[in-house]
Amino acid sequence: MQSHIKQLSFAGALITLGIIFGDIGTSPLYVFQTLLVEGGKINEALVLGSISCIFWTLTLQTTFKYIFITLQADNHGEGGIFSLYALVRRYGKWLAIPAIIGAGTLLADGIITPPISVTSAIEGLSNVPALAASFVPGSKLILGIVIGIMLLLFFFQQFGTKVVGSAFGPVMLLWFIMIGTLGALQIIHYPTIFKALNPYYGMRLLLDHPNGFWLLGAVFLCTTGAEALYSDLGHCGRKNIQVSWIFVKITLILSYLGQGAWVLMQPASTKFAGVNPFYAIVPDPHVFMIPCVALATMATIIASQALISGSFTLISEAVSMNFWPRITIKYPSNIRGQIYIPSINWILCFGCIAVSLYFQTSEAMTAAYGFSITIAMLMTTVLMYYFMRYVKHWPIWLVTIILCLFLTVEFSFFVANAVKLLKRLFFLVFEFGLIFTMYIWFKARKINNRFLHFIDLKDQIPLLHALSADLSVSKYSTHLIYLTKANNAKQIEEKIMYSIMSRKPKRADTYWFIHIETTNEPYTMEYSVDQLEPGKIIRVEFRLGFRIQPRVNVLFRKVIEDMVARKEVDITSNYESLNKFKISADFRFVIMEKFLSYNNSFSIKEGFILNSYFAIKKLAQSEAKAFGLDTSETYVEKIPLVVKPVGNIVLKRVSAV
């Protein structure tokens, strides 16, 4: 996304409507209907109290927490829980845990938001008089259409959204104008509905209604897109989001008020079973219902697209920050930050279709929706405390007040949504799998790093010189390249020297050591070169942002081109037959992949973590492919990981017979 889009402008605000507000903007399709269903007997207290709770939830949770406070936690213009974690991780090692839980639960939301949104839209066809008999909620026809839309949506991810993306903003603008207008038309006939904005009615609902507190589970659905809103900060910029939200919130409130006004204007004997107030307020269903459903369907597809793209970004960040195994990541267009991850795409696709088949109706889906997002929001609040206190240096009294307010609201929503747990056992495997994978990958990397032994590289220079000059050893490669984890430019892993010297020594004319530092900024792309021994031993340091994929082959080739242009290195082959024709020398990468040695005796916890880690690693992308290295130029060397050698072996020698 071009940087000028992040500047406050009409074009920027229009794009923001398409990218940022799809999820939260389509919530009027099902939120108020869910409250009426779960509220039981429909009366003025339920309607006014429900809308009051919705209004103040959007005000406190979305407007105050996310729009005004959380959006300030931008990491060089980027948002999301990993961007926030990158800002605060130096203030506590344990902060990785809320980051992992928050990311896992946010990803889990990706398998229910598209089905619930699209199903809610398609079910609107049951309000078209001529189609009502065929489009009964839960019918095979509706289910088939929803699954068809899901399949097409995920199929087209591989081509990027450059072409259709330009239409997202105008479509969502029409959507918000429509829902605001439909709501306003009902409010004109029943202006008393504005009483619902008084928090008194919300409090009375929670205190007086038999299931008042538990209705918060349904109320929470109105703000489920807030966490995704923060994740997409980098696409549009804070100012565009904040200004656009004013318009979005007004139209959302008008829609909810209009639905409430319509319900209160109906005769007392009216039965609301199976009635969605969102579609009920559409005038002249014969004329306007089909265009309304068509626009709703497009809006929900856009909302789903934004969430899928957000999932790709989240996983990409997790890979860069060592929370996720390295997997294939593609770039379907030249738009900055737009990526496509095939494995995640089809996992989400399978999940969405499974959700549609399992629940079948939007009403059944809403009964299980919301639990994951409450956890994600709580985790964001934990990280935000450290941001407000240690990055922004706000006074402790102010941070405490804000924290207590957020935790009170979100913990109430969490408890209210906890009753949905039995209805959403279907999701637990998915959620647990995501969080478990991130935790295992993170902890195993920490254990691995404990057993990295570094030595002084300068002490090894005479040895490397001697090997390079020893013609009795056949040349392994003219240029030999290793990836090193040594942050200190003067050090190298002991295992690298062992790899070069042990067994068949790897003689080369030039030894290169590449180190990649992942910065806290999203799009850093810098490198430096340190010629420890000019033309013989060279270290290249890449500084890459956490949203940049480390395609080492491409980056290293660029470094070589720059160094050749500066006459810092000569890559002409040293072989006599090739040198006179100015043929370029050969380069070879050596990648060292660990496997868990049988010679280990560790604790149950470490054993479980490491065995799980290596089991997951078998399913992950190889190191060579993950770093973008051509297989013809790469040698993968397997080395055993010995955490704690087996000791106390009593072996007795006996005389030969």
Side-chain angles (χ1 to χ4, degrees), residues 455-484 486 489-493 495-516 525-544 550-593 622-639:
I455 55 179
D456 194 326
L457 183 54
K458 285 195 173 180
D459 293 342
Q460 310 304 314
I461 290 177
L463 187 56
L464 290 172
H465 251 305
L467 176 60
S468 183
D470 188 353
L471 299 181
S472 66
V473 178
S474 60
K475 188 182 290 185
Y476 186 78
S477 177
T478 305
H479 294 267
L480 189 59
I481 310 138
Y482 281 87
L483 298 181
T484 174
K490 295 182 168 65
Q491 293 183 326
I492 195 74
E493 290 99 315
K495 66 180 183 180
I496 290 181
M497 290 307 301
Y498 181 79
S499 169
I500 294 173
M501 299 298 171
S502 68
R503 296 185 290 272
K504 186 181 187 318
K506 298 180 178 67
R507 184 167 77 87
D509 292 336
T510 306
Y511 293 94
W512 298 79
F513 301 106
I514 296 176
H515 179 255
I516 300 172
M525 287 191 72
E526 300 172 350
Y527 83 92
S528 60
V529 176
D530 185 4
Q531 296 221 35
L532 298 165
E533 190 74 13
K536 282 291 180 185
I537 302 170
I538 306 171
R539 176 184 166 105
V540 178
E541 176 92 20
F542 288 111
R543 297 184 71 253
L544 304 178
R551 291 182 283 182
V552 174
N553 209 33
V554 176
L555 296 172
F556 183 66
R557 189 179 296 122
K558 177 63 177 172
V559 170
I560 294 296
E561 289 173 0
D562 287 352
M563 292 182 70
V564 169
R566 295 168 186 258
K567 300 190 183 326
E568 294 175 341
V569 68
D570 181 7
I571 61 168
T572 305
S573 177
N574 289 332
Y575 294 110
E576 291 183 12
S577 58
L578 301 180
N579 184 271
K580 62 183 179 181
F581 292 103
K582 303 298 181 184
I583 302 297
S584 295
D586 57 304
F587 289 78
R588 186 173 233 191
F589 288 87
V590 175
I591 297 290
M592 290 183 287
E593 285 191 352
S622 68
E623 293 278 317
K625 194 172 181 181
F627 285 112
L629 299 174
D630 293 337
T631 53
S632 60
E633 299 175 352
T634 306
Y635 171 68
V636 178
E637 188 171 355
K638 301 286 186 179
I639 58 173

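Position 1 is the first residue of the sequence; numbering continues from there.
- Inter-residue side-chain proximity for Ile461 and His465 is flagged as met; some heavy-atom pair is nearer than 4.5 Å.
- Rounded to the nearest 0.5 Å, atoms CD1 (Ile481) and CZ (Phe513) are 11.0 Å apart.
- With a 4.5 Å cut-off on side-chain heavy atoms, Ile514 and Phe589 count as touching.
- The heavy-atom pair separating Arg539 from Gln491 by the smallest distance is NH1-O, 4.1 Å.
- Atom CD1 of Ile560 is separated from atom CD1 of Ile538 by 7.0 Å, given to the nearest 0.5 angstrom.
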Determine, step by step, whether Ile583 and Thr572 satisfy the side chain to side chain contact (heavy atoms under 4.5 Å, CB included) criterion, reporting the C-alpha distance in whole Å, the side-chain angles of both residues, the deciding distance to 0.1 Å, and the verdict.
CA-CA 6 Å; Ile583 302 297; Thr572 305; over 6 Å; no
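- With Asn579 contributing its side chain and Ser573 its backbone, the two residues share a donor-acceptor pair below 3.5 Å.
- Lys506 contributes a side-chain N or O that, together with a main-chain N or O of Ser499, makes up a donor-acceptor pair within less than 3.5 Å.
- In this structure a side-chain-to-backbone donor-acceptor pair under 3.5 Å is present from Gln531 to Gly535.
- To the nearest 0.5 angstrom, Lys558 atom NZ is 14.0 Å from Arg551 atom CZ.
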Starting from the C-alpha separation in whole Å, work towards a yes-or-no answer on side chain to side chain contact (heavy atoms under 4.5 Å, CB included) for Leu463 and Ile500.
CA-CA 10 Å; Leu463 187 56; Ile500 294 173; over 6 Å; no
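- Residues Ile537 and Gln460 are not in side-chain contact: their nearest non-hydrogen atoms beyond the backbone lie 4.5 Å or more apart.
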Enumerate donor-acceptor pairs with a distance under 3.5 Å from any side-chain N or O in residues 470-477 to protein atoms, sequence neighbours excluded.
{"from": "Asp470", "atom 1": "OD1", "to": "Ser472", "atom 2": "N", "distance (Å)": "3.0"}
{"from": "Asp470", "atom 1": "OD1", "to": "Ser472", "atom 2": "OG", "distance (Å)": "2.4"}
{"from": "Asp470", "atom 1": "OD2", "to": "Ser472", "atom 2": "OG", "distance (Å)": "3.2"}
{"from": "Ser474", "atom 1": "OG", "to": "Lys504", "atom 2": "NZ", "distance (Å)": "2.8"}
{"from": "Lys475", "atom 1": "NZ", "to": "Asp509", "atom 2": "OD1", "distance (Å)": "3.3"}
{"from": "Lys475", "atom 1": "NZ", "to": "Asp509", "atom 2": "OD2", "distance (Å)": "2.8"}
{"from": "Tyr476", "atom 1": "OH", "to": "Arg588", "atom 2": "NH1", "distance (Å)": "3.2"}
{"from": "Ser477", "atom 1": "OG", "to": "His479", "atom 2": "O", "distance (Å)": "2.9"}
{"from": "Ser477", "atom 1": "OG", "to": "Asp586", "atom 2": "OD2", "distance (Å)": "3.2"}

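- The OG atom of Ser528 sits 10.5 Å away from atom NE2 of His515, with the distance rounded to the nearest 0.5 Å.
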Could you give me the CA-CA distance, side-chain angles and deciding distance for Met563 and Ile571, then say whether side chain to side chain contact (heavy atoms under 4.5 Å, CB included) is met?
CA-CA 10 Å; Met563 292 182 70; Ile571 61 168; over 6 Å; no
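- Minimum interatomic distance between Pro505 and Leu467 (heavy atoms only, all atoms of both residues): CB-CD1, 3.8 Å.
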Quick one, Leu464 with Met501, criterion side chain to side chain contact (heavy atoms under 4.5 Å, CB included). Give me CA distance, side-chain angles, the key distance, then yes/no.
CA-CA 9 Å; Leu464 290 172; Met501 299 298 171; 3.8 Å; yes
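- The closest side-chain heavy-atom distance from Thr510 to Thr478 is not below 4.5 Å.
- Applying the salt bridge (charged side-chain N to carboxylate O under 4.0 Å, His left out) test to residues at least two apart or on different chains, none of the pairs has a partner in residues 564-579.
- When all heavy atoms of Ile516 and Pro550 are compared, the closest pair comes out as CD1-CB, 3.9 Å.
- Applying the side-chain hydrogen bond (donor to acceptor under 3.5 Å, both in side chains) rule to Asp562 yields the partners Tyr527; only residues at least two apart in sequence or on another chain are considered.
- Of all non-hydrogen atoms in Ser468 and Lys536, the two that sit nearest each other are OG-NZ, 3.1 Å.
- Below 30°, between 30° and 60°, or above 60°: for Trp512 and Phe556 the angle between ring planes is above 60°, a perpendicular geometry.
- Between the CD atom of Glu593 and the NZ atom of Lys638 there is a distance of 4.0 Å, given to the nearest 0.5 Å.
- Atom CD1 of Ile591 is separated from atom OG1 of Thr634 by 6.5 Å, given to the nearest 0.5 angstrom.
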